[in-house]
Amino acid sequence: MANFQKLTPRSEDYSKWYNELVVKADLAEQSAVRGCMVIKPYGYAIWETIQQELDRRFKQQGVKNAYFPLLIPKSFLSREAEHVEGFAKECAVVTHHRLMNDPNGKGVVVDPNARLEEELIIRPTSETIIWSTYKNWISSYRDLPILCNQWCNVMRWEMRTRLFLRTAEFLWQEGHTAHATKEEAEEFAQRMLNVYADFAENVMAIPVIKGVKSPNERFAGALNTYCIEAMMQDGKALQAGTSHFLGQNFAKSFDVQFLSKENKYEYVWATSWGVSTRLMGALIMTHSDDNGLVLPPALAPIQVVIVPIFKKQEDLDVLMTRIQPLADKLATMGIRVKVDTSEKATPGFKFADYELKGVPVRLAMGGRDFENNTIEIARRDTLTKETISLDGIEEKIKALLDEIQQNCHRKALDYRIANTRECNSYEEFKEEIKKGGFLLCHWDGTPETEELIKNETKATIRCIPMEALPGYKEEPGVCMVTGKPSAKRVVFAIAY
RNA sequence: CGGGAAGUAGUUCAGCCCGGUAGAAUAUCUGGUUUGGGACCAGGGGGUCGCAGGUUCGAAUCCUGUCUUCCCGACCA
């Protein structure tokens, strides 16, 4: 089974705690290739649930799944100047197509005669290959809109990597849409942001701020980038999803025009939007504690685990006459339930292990419970437990799962609120930002000012909120650095 | 990519300074006793010491290169 060593407490070393948790909770591990991770079955089960929930929501918006190739001709990337600038430094390049036996007899080497005429780039994102394809799909306004999404892997050659948070290869979905009008594209980019926000809040139980990125933080090639920003337990910000209004940049670069109702050629309007396995990092750093992972029930691969406590096989057989019907009933109610009858570990070990894995509800039944028609029920989010009657237990469990889902969200929201405050002077800002959290400040809207603040404090504008945060009003003011006018406060934080 | 640290059994680590052919804990396997918060006893198996060169009669140990991980920095839609 798992290891016995306790996790490093969060208060001692937050990133060490994170690294240990990811490995010990069996979510992922390092691979032989630098910066690339192996996502283990338990971690992948969570990702699959994320995928299912999002995929359903995308399809409700009329989006269809497709698949575009991993490799992109090098020339495509240079078609959009800003775009290539954003990614050029972190692209993996395929230069050859054949290996051969080493003439010196030491395994295989790259065949120097197999150099590619045009080098291929492993996709860092797929805008270019998709727009070169959309060109062939679009000729009339009747062909629009095109709403496609793909679930795939991408590669960005990151210098410093961390499991889930920043890996060289990661899994994500990227949606790419083409529209006839600017308004429709803008609206769609925002609509997908709302899909992400709804998903984050209600499924992942992560409170997020919906906002617009400042020019410095905008996606390369976009006219506007929308985002959802979340606060982690260490007070740092993590971008949980983005949606871009790409204008006509890619349509012009790839010459994608359509004939309008008025019989005129026009360039199409584009959006793209994505979330990645980084969400796994957000999930971990929002809810988990020093005992291990804490999963909101909606994403837990096992929502309820039942641990029989027994001495002999006969005792187990007796207990199972009550446990099995309960497990069956829960399963028919759509609850993901596991009964752990293994004799490999003692109950105490199992308790600790399921806590490490973040199972929301744990039931334990021993001989005493059997006599009394009771069961011990423990919840992961509060680490509390009580012994209750078996009568009506199924409905209580269902209600408890809902309650845990709510509580995970409420705790995370309380934390964010407690660590969000206004800040009016730059002197104060420099001190406050060291404590972490979100600082709501006035900013003059210039990249220069943002750059200055970043260089001096490492803090960046996480977003310009689209709506006032709970408890705050949108009011004009003056920039904390330059004193120039500011329409409203923006969110500053140190970011992952 | 720059600075620092590290890589030895599945895992955590000792051994390295001062070269002589590898050890602990834990996990794993077997048998038994156990089981309401990380059980105990006994026995067994498991490592080309990250990889590649070099020095040497002999290298986990010394030298060179390289790969990977962690921390700090730069970078990061």
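Protein chains get the first letters and strands the later ones, always in sequence-line order, with residue 1 at the start of each. In this text, all values refer to a predicted model and were calculated from it rather than measured experimentally.
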Subject >> Pairwise C1' distance, B:C49 and B:G32 [rounded to whole Å] >> reply: 36 Å
**OP:** Determine the interatomic distance between P on B:G65 and the same-named atom on B:C71; round to the nearest Å.
**Re:** 25 Å
**OP:** Could you give the distance separating B:U64 and B:C1 at their C1' atoms, to the nearest angstrom?
**Re:** 22 Å
**OP:** Would you verify whether the NZ or CZ of A:Lys236 falls within 45 degrees of the ring axis of A:Tyr496 while also being under 6.0 Å from that six-membered ring's centre?
**Re:** yes
**OP:** With heavy atoms under 4.0 Å as the rule, sort A:Glu217 into base, sugar-phosphate or nothing.
**Re:** sugar-phosphate
**OP:** Let me see the working for A:Arg57 and A:Asp198 under salt bridge (charged side-chain N to carboxylate O under 4.0 Å, His left out), right down to the final yes or no.
**Re:** CA-CA 10 Å; A:Arg57 287 167 162 81; A:Asp198 173 74; 3.1 Å; yes
Subject >> Interatomic distance where CZ belongs to A:Phe349 and C1' belongs to B:U34 [whole Å] >> reply: 16 Å
**OP:** Can you tell me the distance, in whole Å, between the CD atom of A:Glu376 and the C1' atom of B:U35?
**Re:** 14 Å
**OP:** Would you please classify the geometry between the A:Phe254 ring and the A:Phe250 ring as parallel, tilted or perpendicular, with 30° and 60° separating the classes?
**Re:** parallel
Original post:
Quantified in whole Å, what is the C1' atom distance between nucleotide B:G23 and nucleotide B:G53?
Top reply: 28 Å
Original post:
Is it true that the NZ or CZ of A:Arg322 lies under 6.0 Å from the centre of A:Phe370's six-membered ring and within 45 degrees of the ring axis?
Top reply: yes
Original post:
Does A:Thr225 or A:Asn291 map to a spot on RNA chain B nearer the 5' end, using the closest nucleotide for each?
Top reply: A:Asn291
Original post:
So what's B:C40 paired with, Watson-Crick or G-U wobble, going by both distances under 3.5 Å?
Top reply: B:G32
Subject >> NZ/A:Lys430: more than 12 non-hydrogen atoms of other groups inside 6.0 Å >> reply: yes
**OP:** Could you check which of B:C75, B:C76, B:G37 has an atom nearest any side-chain atom of A:Arg166?
**Re:** B:C76
**OP:** For nucleotides B:C17 and B:G50, find the distance between their P atoms and express it as a whole number of Å.
**Re:** 15 Å
Original post:
Got a salt bridge between A:Lys213 and A:Glu229, using NZ or NE/NH1/NH2 to carboxylate O under 4.0 Å?
Top reply: yes
**OP:** Send over the distance from A:Leu163 CG to B:U68 C1', rounded to a whole Å.
**Re:** 13 Å
Original post:
Rounding to the closest angstrom, what is the interatomic distance between B:G38 and B:A25 at atom C1'?
Top reply: 16 Å
**OP:** Could you check which nucleotide pairs with B:U12 in any of the strands shown, counting Watson-Crick or G-U wobble with both distances under 3.5 Å?
**Re:** B:A24
Original post:
So what does A:Arg278 hit on the nucleic acid, given a heavy-atom distance under 4.0 Å: a base, only sugar-phosphate, or nothing?
Top reply: nothing
Original post:
How would you label the contact of A:Gly241 with the nucleic acid (heavy atoms, under 4.0 Å): base, sugar-phosphate, or nothing?
Top reply: nothing
**OP:** Kindly indicate whether the side chain of A:Glu355 and the base of B:G38 share any N or O donor-acceptor pair separated by less than 3.5 Å?
**Re:** no
**OP:** Give none if B:C18 has no partner; otherwise give the nucleotide forming a Watson-Crick or G-U wobble pair with it, both distances under 3.5 Å.
**Re:** none
Original post:
What is the distance, rounded to the nearest whole Å, between atom NZ of A:Lys16 and atom C1' of B:C70?
Top reply: 10 Å
Original post:
Just checking A:Ser15: base, sugar-phosphate only, or nothing, at a heavy-atom cut-off of under 4.0 Å?
Top reply: sugar-phosphate
What pairs of nitrogen or oxygen atoms, one from the protein and one from nucleotides 40-45 of chain B, lie under 3.5 Å apart?
none

Original post:
In whole Å, what separates the C1' atom of B:G10 from that of B:U34?
Top reply: 26 Å
Original post:
Which one is paired to B:A5, where only Watson-Crick or G-U wobble pairs with both distances under 3.5 angstrom count?
Top reply: B:U69
**OP:** I would like to know whether A:Lys182 and A:Glu186 meet salt bridge (charged side-chain N to carboxylate O under 4.0 Å, His left out); could you show each step before the answer?
**Re:** CA-CA 6 Å; A:Lys182 178 183 181 182; A:Glu186 266 279 16; 6.0 Å; no
Subject >> 5'-most by nearest nucleotide on RNA chain B - A:Lys312 or A:Tyr496 >> reply: A:Lys312
Subject >> Qualifying residue, where the test is side chain to side chain donor-acceptor pair (under 3.5 Å) with A:Arg10 and the options are A:Asp289, A:Asp290, A:Asp234 >> reply: A:Asp290
Subject >> Spacing between A:Met365 atom CE and B:G37 atom P, to the nearest angstrom >> reply: 17 Å
**OP:** Measure the distance from CD on A:Glu343 to P on B:G32 and round it to the nearest whole Å.
**Re:** 12 Å
Subject >> Spacing of the P atoms in B:U61 and B:G15 (rounded, Å) >> reply: 15 Å
**OP:** Please name the residue in the list A:Arg380, A:Lys24, A:Arg379, A:Arg362 that meets the salt bridge (Lys or Arg N to Asp or Glu O under 4.0 Å) test with A:Glu355.
**Re:** A:Arg362
With a cut-off of 3.5 Å and sequence neighbours excluded, list every side-chain donor-acceptor pair involving residues 447-454 of chain A.
residue  : atom : partner  : partner atom : Å
A:Thr449 : OG1  : A:Asp444 : OD1          : 3.1
A:Thr449 : OG1  : A:Asp444 : OD2          : 2.8
A:Thr449 : OG1  : A:Thr446 : OG1          : 2.8
A:Glu450 : OE1  : A:Ser214 : OG           : 2.7
A:Glu450 : OE2  : A:Ser214 : OG           : 3.1
A:Glu450 : OE2  : A:Ile461 : N            : 3.3
A:Glu451 : OE1  : A:Asn216 : ND2          : 3.4

Subject >> Selection from B:G38, B:U69, B:G36 that lies nearest to any side-chain heavy atom of A:Arg368 >> reply: B:G36
**OP:** Tell which nucleotide pairs with B:U56, taking only Watson-Crick or G-U wobble pairs whose two distances are both under 3.5 angstrom.
**Re:** none
Original post:
Which listed nucleotide (B:G36, B:C71, B:G37) is nearest to the side chain of A:Ile309?
Top reply: B:G36
Original post:
Looking at the side chain of A:Ala364, which of B:C76, B:G37, B:G36 is the nearest nucleotide?
Top reply: B:G36
Original post:
Which nucleotide in the set B:C72, B:A39, B:G37 lies at the smallest distance from any side-chain heavy atom of A:Thr346?
Top reply: B:A39
**OP:** Searching all strands shown, indicate the nucleotide that pairs with B:G46 (Watson-Crick or G-U wobble; both distances under 3.5 Å).
**Re:** none
Original post:
Where the side chain of A:Lys311 is defined as all heavy atoms beyond and including C-beta, which of B:C76, B:U69, B:U35 is the nearest nucleotide?
Top reply: B:U35
Subject >> Minimum-distance nucleotide (side-chain atoms of A:Asn19 versus B:C71, B:G73, B:U35) >> reply: B:C71
Original post:
Which nucleotide sits closest to the side chain of A:Arg160: B:U69, B:G38, B:C71?
Top reply: B:C71
**OP:** Rounded off to whole Å, could you give me the CG-to-P distance for the A:Leu7 and B:G38 pair?
**Re:** 17 Å
**OP:** Would you mind reading off the distance between A:Lys24 atom NZ and B:U11 atom P, rounded to a whole angstrom?
**Re:** 13 Å
Subject >> Donor-acceptor pair between A:Glu127 and A:Ser272 side chains, under 3.5 angstrom >> reply: yes
Original post:
OP1 or OP2 of B:C70 less than 4.0 angstrom from a side-chain nitrogen or oxygen of A:Gln30, does that happen here?
Top reply: yes
**OP:** Looking at every strand, decide which applies to A:Phe170 at a 4.0 Å heavy-atom threshold: base, sugar-phosphate, or nothing.
**Re:** base
Original post:
Between B:G36, B:A74, B:C70, which one does the side chain of A:Met159 approach most closely?
Top reply: B:A74
Original post:
Touch check for A:Lys458, heavy atoms < 4.0 angstrom, all strands: base, sugar-phosphate only, or nothing?
Top reply: sugar-phosphate
**OP:** Under 4.0 Å between any heavy atoms, over every strand shown, what does A:Gly221 touch: base, sugar-phosphate, or nothing? Just pick one.
**Re:** nothing
**OP:** Mind checking A:Gly86 for me? I need base, sugar-phosphate or nothing, with any heavy atom below 4.0 Å counting as a touch.
**Re:** nothing
